[in-house]
Number of protein chains: 2
Amino acid sequence: MAAANHNHIANDWLPTNRIIMGDCIAAMRELPDGCADLVFADPPYNLQLAQDLHRPEGGKVSAVDDEWDKFSSFAAYDAFTRAWLAEARRILKPDGAIWAIGSYHNVFRMGAAMQDEGFWILNDIVWRKANPMPNFKGTRFTNAHETLIWAGKSEKSRYCFNYHAMKAMNDELQMRSDWLFPICTGGERLKVDGVKAHPTQKPEALLYRVLLACTEPGDLVVDPFFGTGTTGAVAKLLGRRWIGIEREAKYVEVAQARIDGLLPLEGGMTRVSQGKRSEPRVAFGALVEAGYVRPGTRLFASGGKHVAHVRADGSLAMGDKVGSIHQMGAAVQGLPSCNGWTFWHIEAEDGRLEPIDVKRTAWRAGLGAIAA
Amino acid sequence: MAAANHNHIANDWLPTNRIIMGDCIAAMRELPDGCADLVFADPPYNLQLAQDLHRPEGGKVSAVDDEWDKFSSFAAYDAFTRAWLAEARRILKPDGAIWAIGSYHNVFRMGAAMQDEGFWILNDIVWRKANPMPNFKGTRFTNAHETLIWAGKSEKSRYCFNYHAMKAMNDELQMRSDWLFPICTGGERLKVDGVKAHPTQKPEALLYRVLLACTEPGDLVVDPFFGTGTTGAVAKLLGRRWIGIEREAKYVEVAQARIDGLLPLEGGMTRVSQGKRSEPRVAFGALVEAGYVRPGTRLFASGGKHVAHVRADGSLAMGDKVGSIHQMGAAVQGLPSCNGWTFWHIEAEDGRLEPIDVKRTAWRAGLGAIAA
DNA sequence: CAAACGGCTGAATCCGAGC
DNA sequence: TGCTCGGATTCAGCCGTTT
């Protein structure tokens with residue numbers, strides 16, 4: 001199912017693919033009614049940390065003690081939440097939708113406010129963190145997840161949901177409401193002079209799934225709490241238009257540089273499965289989502305006799321033919337079936353070809369081991 | 001860590017290990033302040049039901065549209081939620097806690113109401129369903145989880161949490177906030193004339209973990225939405241006292257029969273891992289006094305990088321600096337705190353270094369057993 | 001060069017008995 | 001009640017260094 005309203009005609013004057021520096025409520029007021037297909041919001045969590053926390057070995061935990069996360073009371077936080085939600089809802093198209101992320105500190109208040117403002121909740125999604133920070137004092141359960149709320153602008157919204165793309169990414173099983181991703185670390189984590197540029201940078205894999213599930217190429221995604229611009233980066237990668245709003249100049253600078261340095265995927269690579277007419281896909285999509293295989297990558301078989309391109313949802317394309325790694329392997333050989341994992345090969349860093357099963361093995365050793 | 005207030009003295013007159021048939025708010029009003037160690041609540045999220053129960057006063061608004069109707073439903077549900085939460089909070093001991101379960105339809109409103117009523121959220125827990133019902137229409141993600149909120153009566157509550165029991169249950173890793181359980185099916189699912197007795201019967205494994213984590217044997221658990229009595233069944237099994245409140249006679253009957261047919265575990269079986277916090281404290285000076293460590297003995301740390309001398313009163317001396325084993329350990333490392341028992345080492349008879357904690361263990365096994 | 005090892009870090013509402 | 005201070009408490013992943 002996809003939203004009906006995807007006319008991008010009268011919006012050419014919009015400041016798309018740009019960052020607006022300023023307060024998100026004021027900035028959204030400058031945008032016209034019904035211009036956005038999707039809003040993705042990662043607002044302050046209002047953590048209310050009371051004191052320093054030390055690790056067992058003596059180190060100090062780097063706390064989120066920024067001014068932007070401080071509110072004087074629940075009432076103040078609620079007023080702020082309702083204000084930005086109201087503006088976000090106004091700028092959405094009638095068939096638009098919102099995603100908002102939070103933790104137990106704020107997500108219940110935020111969810112209630114969303115319902116009160118007229119949003120219609122479609123799912124709550126649990127981001128299970130593969131590698132959360134432990135509870136150092138042994139006082140509670142390890143806080144190992146965050147919650148995303150997906151809601152339509154109204155109960156009547158015919159929201160966009162790329163059901164078959166999600167199913168293809170999940171080994172032909174329906175995508176569930178609990179998602180497993182590592183937190184943002186390593187090379188993906190943006191740094192300035194060796195220290196993290198933002199305390200709460202979200203992983204691209206999370207945004208990748210959200211945007212692939214709930215937008216189409218060309219759709220406009222607005223992020224009122226842009227931070228270091230993960231939403232913009234993934235939107236650009238996937239050929240979606242975006243507007244980011246961010247108050248702090250230092251984050252704007254980092255985000256702009258990050259997005260400027262990105263190349264979008266080529267047009268055909270961002271298309272995803274549309275239903276029965278295109279073929280079912282396999283869990284190969286999980287490798288794409290996790291960055292083990294990049295959309296657009298060329299796969300080879302039979303010593304280069306066959307070449308296929310990887311698409312964003314893990315399907316393969318050869319000319320106008322599209323299918324799973326198994327289906328396409330079978331098709332080119334004229335066989336009834338084929339194990340795509342051993343049939344298709346990918347170019348390794350040293351230029352040699354190796355079966356894509358190698359990637360699956362690597363994935364299993366990393367993410368997959370925790371997937372159970 | 002365990003709550004301090006576990007005196008069950010004056011509560012003998014309470015209707016424990018019984019089901020009270022009636023409205024949960026009215027029934028809780030009959031219970032005294034501060035009698036319960038834990039409340040477990042699985043409230044209805046049927047908005048229509050809530051509306052019938054607590055429809056707000058007021059004349060009918062002309063031109064009733066959907067928006068108004070939704071708001072009134074939410075308001076009615078909120079009023080109902082706040083009413084039962086307030087009573088639940090009143091009957092809790094100061095160090096008591098609550099668990100409440102819900103889905104995206106109601107859990108955000110419920111969580112916000114809990115915060116507003118003064119509860120202090122400790123964790124939100126995700127029950128990942130191993131076998132959820134699929135989304136038949138393919139219009140959303142499979143709704144594969146429910147959310148539990150664990151909260152203390154107040155921010156100051158020294159709530160009960162059997163940390164080591166949870167860690168032991170999880171292969172010696174901290175128990176995380178995402179739990180995997182199958183839904184209640186098969187022989188566990190109660191049936192009457194072949195049809196399920198209750199639409200939302202919870203699996204016993206879920207209650208087992210909750211009660212094992214957050215209560216001690218003999219504690220009183222109150223369930224205001226008893227249903228088929230899973231809370232009572234597991235409480236009886238684990239040697240906890242319980243009070244169940246249920247409005248519907250048919251559920252009361254099923255629950256009573258279910259619980260009557262159960263045998264509790266024998267006393268010793270309900271004991272769980274305790275950890276060092278439950279051991280009595282030992283002053284290092286007591287070891288010196290008892291001759292386990294002689295004054296003048298040299299203690300070593302960090303492979304001999306630090307050396308200190310034991311003084312007659314159990315304090316340590318390094319040059320002109322004197323302090324406890326913990327203070328000196330913290331000082332030489334430049335840390336805010338230190339566990340001196342594991343930091344400092346003593347020369348054993350065979351010449352090797354061993355932590356002074358070994359001496360504490362020996363003291364506890366010998367003199368300590370008598371001293372206590 | 002591969003393997004082993006140690007250091008560092010991540011949206012964290014993170015102690016409690018005794019005086 | 002507030003204060004002091006004993007002493008209990010961590011998982012996964014990445015990266016740089018050592019073996």
Side-chain angles (χ1 to χ4, degrees), chain A residues 42-66 68-70 101-107 127 129-147 182-189 191 194-196 198-203 227 365-367 369-370, chain B residues 1-4 95 115 120-124 151-152 155-156 158-159 161 163-164 167 170-177 274-285 314 323-327 329-330 335-344 357 360:
Chain A
D42 182 11
Y45 288 7
N46 189 24
L47 285 188
Q48 306 177 74
L49 302 176
Q51 64 213 343
D52 286 347
L53 177 63
H54 294 271
R55 302 163 185 271
E57 80 275 12
K60 190 176 155 194
V61 173
S62 159
V64 178
D65 53 5
D66 307 73
W68 50 255
D69 197 47
K70 288 184 168 45
I101 182 169
S103 68
Y104 68 83
H105 310 82
N106 73 317
V107 77
W127 167 28
K129 300 182 184 185
N131 47 352
M133 193 186 330
N135 181 295
F136 293 116
K137 303 294 187 188
T139 56
R140 304 182 181 186
F141 298 97
T142 305
N143 190 9
H145 74 276
E146 294 188 23
T147 301
I183 60 177
C184 184
T185 60
E188 189 187 329
R189 188 83 192 206
K191 308 220 165 142
V195 298
K196 59 186 176 188
H198 192 285
T200 71
Q201 185 183 341
K202 297 293 178 290
L367 273 188
I370 310 150
Chain B
M1 174 173 50
D95 289 338
Q115 292 179 310
W120 189 249
I121 298 182
L122 301 166
N123 277 117
D124 58 334
E155 182 177 356
K156 299 214 161 55
R158 287 176 302 165
Y159 52 90
F161 180 53
Y163 172 75
H164 286 93
K167 199 173 174 183
N170 196 40
D171 204 12
E172 285 307 313
L173 290 179
Q174 287 189 340
M175 188 70 80
R176 296 167 42 114
S177 55
Q274 285 300 318
K276 290 185 182 175
R277 277 199 179 104
S278 62
E279 305 251 358
R281 286 191 182 188
V282 178
F284 184 64
S324 72
I325 54 173
H326 313 294
Q327 289 168 333
L335 292 177
S337 71
C338 165
N339 184 344
W341 292 108
T342 52
F343 180 70
W344 293 106
D357 202 25
R360 179 170 65 162

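We name chains A, B, ... by the order of the sequence lines, and we start the count at 1 in each one.
Stacking between A:Phe136 and the base of C:dC14 is absent under the criterion of ring centres within 5.5 Å and planes under 30 degrees.
Atoms CG (B:Asp357) and P (D:dG7) sit 10 Å apart, rounded to a whole Å. The OH atom of B:Tyr163 sits 10 Å away from the C1' atom of D:dA8 (whole-angstrom rounding). The NZ atom of A:Lys70 sits 17 Å away from the P atom of C:dA11 (whole-angstrom rounding). Atom OH of B:Tyr159 and atom P of C:dC15 are 8 Å apart (whole Å). Between the CD atom of A:Glu146 and the C1' atom of C:dA12 there is a distance of 11 Å, rounded to whole Å. As rounded to whole Å, 21 Å separates atom P of C:dG7 from atom NZ of A:Lys60. A straight line from CG of A:Asp66 to P of C:dA12 spans 12 Å, rounded to a whole angstrom. Distance, B:Lys276 NZ to D:dG7 C1': 9 Å, rounded to whole Å.
Contacts of A:Cys184 with the nucleic acid, taken as non-hydrogen atoms under 4.0 Å apart, are absent. Nucleic acid contact for A:Ser103: none, since no nucleic acid atom lies under 4.0 Å from a heavy atom of the residue. Looking at heavy-atom distances under 4.0 Å, B:His164 makes contact with sugar-phosphate atoms alone, never a base.
Annotation: salt bridge (Lys or Arg N to Asp or Glu O under 4.0 Å) contacts of A:Asp42 (sequence neighbours excluded): A:Lys202. Among residues two or more places apart in sequence or in another chain, the salt bridge (Lys or Arg N to Asp or Glu O under 4.0 Å) test is passed with A:Asp69 by none.
Judged purely by distance below 3.5 Å, without hydrogens or angles, the side chains of B:Ser324 and B:His326 never pair a donor atom with an acceptor atom.
On the C1' atoms, D:dT10 is 14 Å away from C:dG7, given to the nearest whole Å.
Stem regions annotated for DNA chain D: C:2-10 with D:11-19, C:15-19 with D:2-6, counting only runs of 3 or more consecutive pairs of Watson-Crick or G-U type with both contacts under 3.5 Å.
The listed nucleotides are D:dC14, C:dT13, C:dA11; the one nearest the side chain of A:Tyr45 is C:dA11.
For D:dT4, the glycosidic angle deviates from 0 by more than 90°, giving an anti base.
Under 3.5 Å, the side chain of A:Arg55 and the base of C:dG10 form at least one donor-acceptor pair of N or O atoms.
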